[in-house]
Peer 1: 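Here it is, the structure in full.
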Amino acid sequence: MFYNLQNKNVEIKYLIVYNKLKKHFSHCFDKNDSFNFEKFKQQISKDEINILEDSYGMDWLGKSYARLLASDEATTLLKENEEWNKNKENEKSENLLIKGDNIEVLKHLSHAYYEKIKMIYIDPPYNTGSDGFLYQDNRKFTVEELSTLAGIDEEKAKRILDFTQKKSNSHSAWLTFMYPRLYIAKQLLKDDGVIFISIDDNEVAQLRLLMDEIFGEENFVDLVSRKIKCYDRDKSSKEFQRLYDSILVFSKNKSLLKMKQIIKGVKRYPLSDDIGSYKLNPLQNRGPNGYREKRPKTYYPIYISESGTVSVEREHKNDKEIYPEKIGSKDGTWSWSKNKIINENKRVVIDKNRLCVKIYEDKNKDNNRYASEENMQLQFLNANGSSRMTLLNMQALFNNPKPVNLIKWCINLTVHKSDIILDFFAGSGTTGDAVMQLNVEDNGNRKYILVQIPEIIDQNKDATAYDFIKNELKVDDPTIFEITKERLIRAGKRIKEDNSDKDLSNVDFGFKIFETIPIWKDYNFEEEKFDPQIALFDESKLSNEDINVLLTTWKTYDGIALTKSLKEINLDGYKGYYYGSKLYLVDKEFKTKNLKKLLEEIDENEEFNPATIVVFGYNFESKTMRELAENIKNYANKKHTDIDFITRY
């Protein structure tokens, strides 16, 4: 009896250990659910381990450095754009746009959004050699420091630092760049979460192996091919046409993943009239030459009568006059000439407040028998992404933006109506556009978090984008972040216009903005290293804005979402900041009377129950700090409760 019971206890303990390993080290299990102990040892050890046995894995120059970056603390603070966030449309928004290096942002999010994200979509650099990817790192390790921290010899440390500091675009550089970002991203996903990564053949093989290592090969879902264009005019007759890229799909835990069934066959000509099946295309020219200066003859007014008929001449005084929409600051054009409008004006109709033309199905063409299957590819062409930018008057500002329908397709596969979607290579902001569109379509409450580094736009290489941001948006230092922000603003406005007949009062079209900023010079978070006698940091230089930055950073570190605001608590003239069970005391001039009021509030206010009190040590005298800590401890003992007292510097 005892023997059986003992075996049962061993089995239970084994299952507990197995479940913990599966949850936190799923990438150490292979597709047969066998545990790779050597890989596990590598993960938890700071020292390089000599592997005596043959085992499947991936190695590259910089891997030890990439692991170090994945576990290294953030080197920035988080700052709120208070003026923007207080705007009526943004003050209650749960969408986020964050400016900064995404590895820093991910580290800030790793506490407040741990296992909160249902879906991640990213479109990282493809490392084609012409996409501008160069590894850049502002961390300044010496050879000796890196050797010690990463557990590698100095010769290898020197080789790693050489390529991290020389803006390399090698496979090793790309993998070193991607590893820590994907490693932290995995921690943000819910257990049933999923990640979609757009990639092409330059790095798809390396990415697949990298994802096997981080997520575990048993959590591979699919490698989806996407047609990006119909032909490649740059290829000679001796080269293959490069018409596809891929979407690599991994789950956090495949056994928990539930994907909806999406019908792949979509009609190319979904509408019909007495002539036949048709689809609607915008009359506005969406091509690269759709400017008045390029095609002046297709810039002219079109008149719409009260009954809805179309003409190129005003026939009644009440006819509405419409010109092509502007593209940035330039005049756009129509895709049809005046003569074609005159001859086929019955094909021109108004749909969602814009002029469109009916394109009828030609049943005599053989390729129409493949219409359903082909549409699965054609609806995700890069040209569709460019068309959306044209519709928002942002044409030619971004190379190959992803089509909105691609992101909507990914979301529809896995995401519920109230989930959070993260994109930490936000680019033109397609993911935010897609989330807003879907919420309008099905009355959903999905939220997005977009991250974009403020990458400087070179005036010589991209004059159109530079001039747009400088002249139209009136921003002194043009960066890609400004394109992301403006896209979200214009997309929200356009979606409202296109759905003016619907009640959109519950749809979140706003977004809050935060950004990463460097930690103040000589500032140190670590209490155990602080010595008031030798401290170099001058806290007297901190402004109210600086204190707010500190609060934003700390609250996120303590697990409070960025969209949640701290409540101000009046402690007899001293201001505290409170949310949930956490109280922050960061201002100067904390006195005994404020301590008395704090204890009274805890004792008498049922809605005020701090389980953690965080104090900014620089702004407290040592005597006051001791008095506060001792009284909180005595109060907690007397009331048989737990209140953590934390001092931060």
Side-chain angles (χ1 to χ4, degrees), residues 226-227 229-230 260-287 290 298 302-312 315 319-320 322 324-325 333-388 390-391 403-409 411-413 433-434 437-444 494-504:
R226 176 181 75 99
K227 193 169 185 178
K229 51 189 172 182
C230 294
K260 303 171 189 175
Q261 294 296 316
I262 302 294
I263 299 173
K264 292 187 176 181
V266 181
K267 291 184 178 180
R268 292 183 65 189
Y269 301 91
L271 307 172
S272 63
D273 58 18
D274 55 353
I275 298 176
S277 299
Y278 68 90
K279 62 181 178 180
L280 290 176
N281 280 357
L283 182 59
Q284 176 96 16
N285 189 334
R286 295 183 176 184
T298 53
I302 290 178
Y303 299 92
I304 311 296
S305 70
E306 292 180 339
S307 62
T309 59
V310 174
S311 175
V312 294
E315 297 178 352
D319 287 353
K320 184 178 180 181
I322 300 176
E325 294 179 355
T333 63
W334 302 121
S335 57
W336 282 13
S337 67
K338 276 189 177 184
N339 286 336
K340 194 165 185 178
I341 295 284
I342 293 170
N343 295 330
E344 302 190 55
N345 68 334
K346 289 184 178 180
R347 289 175 57 190
V348 181
V349 296
I350 297 177
D351 180 67
K352 294 183 178 179
N353 297 322
R354 57 178 176 168
L355 284 169
C356 295
V357 294
K358 294 181 179 181
I359 306 298
Y360 287 96
E361 178 181 13
D362 185 352
K363 295 183 178 180
N364 295 321
K365 286 188 177 180
D366 290 340
N367 61 7
N368 276 288
R369 4 182 223 154
Y370 305 107
S372 277
E373 294 80 2
E374 188 181 18
N375 191 68
M376 181 60 186
Q377 308 290 340
L378 292 179
Q379 66 178 330
F380 299 150
L381 293 174
N382 283 346
N384 295 337
S386 298
S387 295
R388 178 63 176 172
T390 300
L391 194 62
V404 173
N405 282 348
L406 171 64
I407 312 301
K408 290 169 70 174
W409 178 77
I411 293 173
N412 277 327
L413 279 173
D433 194 348
Q437 288 190 35
L438 281 175
N439 285 342
V440 168
E441 291 172 14
D442 62 11
N443 199 31
R494 185 76 198 204
I495 294 168
K496 291 178 186 176
E497 292 172 355
D498 290 346
N499 296 274
S500 57
D501 58 331
K502 295 182 180 179
D503 178 8
L504 304 178

Peer 1: If you round to the nearest 0.5 Å, how far is NZ of Lys502 from CD of Glu441?
Peer 2: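 So the gap between those two atoms works out to 6.5 Å.
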Peer 1: Between Pro324 and Thr298, what is the shortest heavy-atom contact and its length?
Peer 2: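 Distance-wise, the nearest heavy atoms are CG-O, 4.4 Å.
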Peer 1: Which atom pair, heavy atoms only, marks the closest approach of Lys496 to Leu504?
Peer 2: CA-CD1, 3.9 Å
Peer 1: Look at the side chain of Arg226 and the backbone N and O of Phe380, then say whether any donor-acceptor pair between them is shorter than 3.5 Å.
Peer 2: yes
Peer 1: What salt bridge (charged side-chain N to carboxylate O under 4.0 Å, His left out) pairs are there with at least one residue in residues 342-351, not counting sequence neighbours?
Peer 2: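 For residues 342-351, and leaving out neighbouring residues, the salt bridge (charged side-chain N to carboxylate O under 4.0 Å, His left out) pairs sorted by first residue read Glu344-Arg347.
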Peer 1: Using a 4.5 Å cut-off on heavy atoms from C-beta on, say whether the side chain of Ile495 contacts that of Asp433.
Peer 2: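 Asp433 vs Ile495: side chains touch.
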Peer 1: Partners of Asp273 by salt bridge (Lys or Arg N to Asp or Glu O under 4.0 Å), sequence neighbours excluded?
Peer 2: Lys358
Peer 1: Which heavy atom of Leu391 sits nearest a heavy atom of Glu325, and at what distance?
Peer 2: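 Answer, listing the atom of Leu391 first, then Glu325: O-OE1, 3.6 Å.
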Peer 1: For Ser335 and Pro282, which heavy atoms make the closest approach, and how far apart are they?
Peer 2: OG-O, 4.1 Å
Peer 1: Could you walk me through whether Ile411 and Leu438 pass the side chain to side chain contact (heavy atoms under 4.5 Å, CB included) test, one step at a time?
Peer 2: CA-CA 9 Å; Ile411 293 173; Leu438 281 175; 3.5 Å; yes
Peer 1: Any donor-acceptor pair under 3.5 Å linking the side chain of Asn345 with the backbone of Val310?
Peer 2: yes
Peer 1: Among Leu355, Val357, Leu283, find the residue that satisfies the side chain to side chain contact (heavy atoms under 4.5 Å, CB included) test when tested with Ile341.
Peer 2: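 By the side chain to side chain contact (heavy atoms under 4.5 Å, CB included) criterion, Ile341 pairs with just one of Leu355, Val357, Leu283: Leu283.
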Peer 1: For the OG atom of Ser387 and the CD atom of Gln284, what is their distance to the nearest 0.5 Å?
Peer 2: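 So the gap between those two atoms works out to 11.0 Å.
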Peer 1: In Å and rounded to the nearest 0.5 Å, what is the CH2 to CD1 distance from Trp334 to Ile322?
Peer 2: 6.0 Å
Peer 1: Tell me the closest heavy-atom pair linking Leu381 and Pro403, and the distance in Å.
Peer 2: O-CG, 3.6 Å
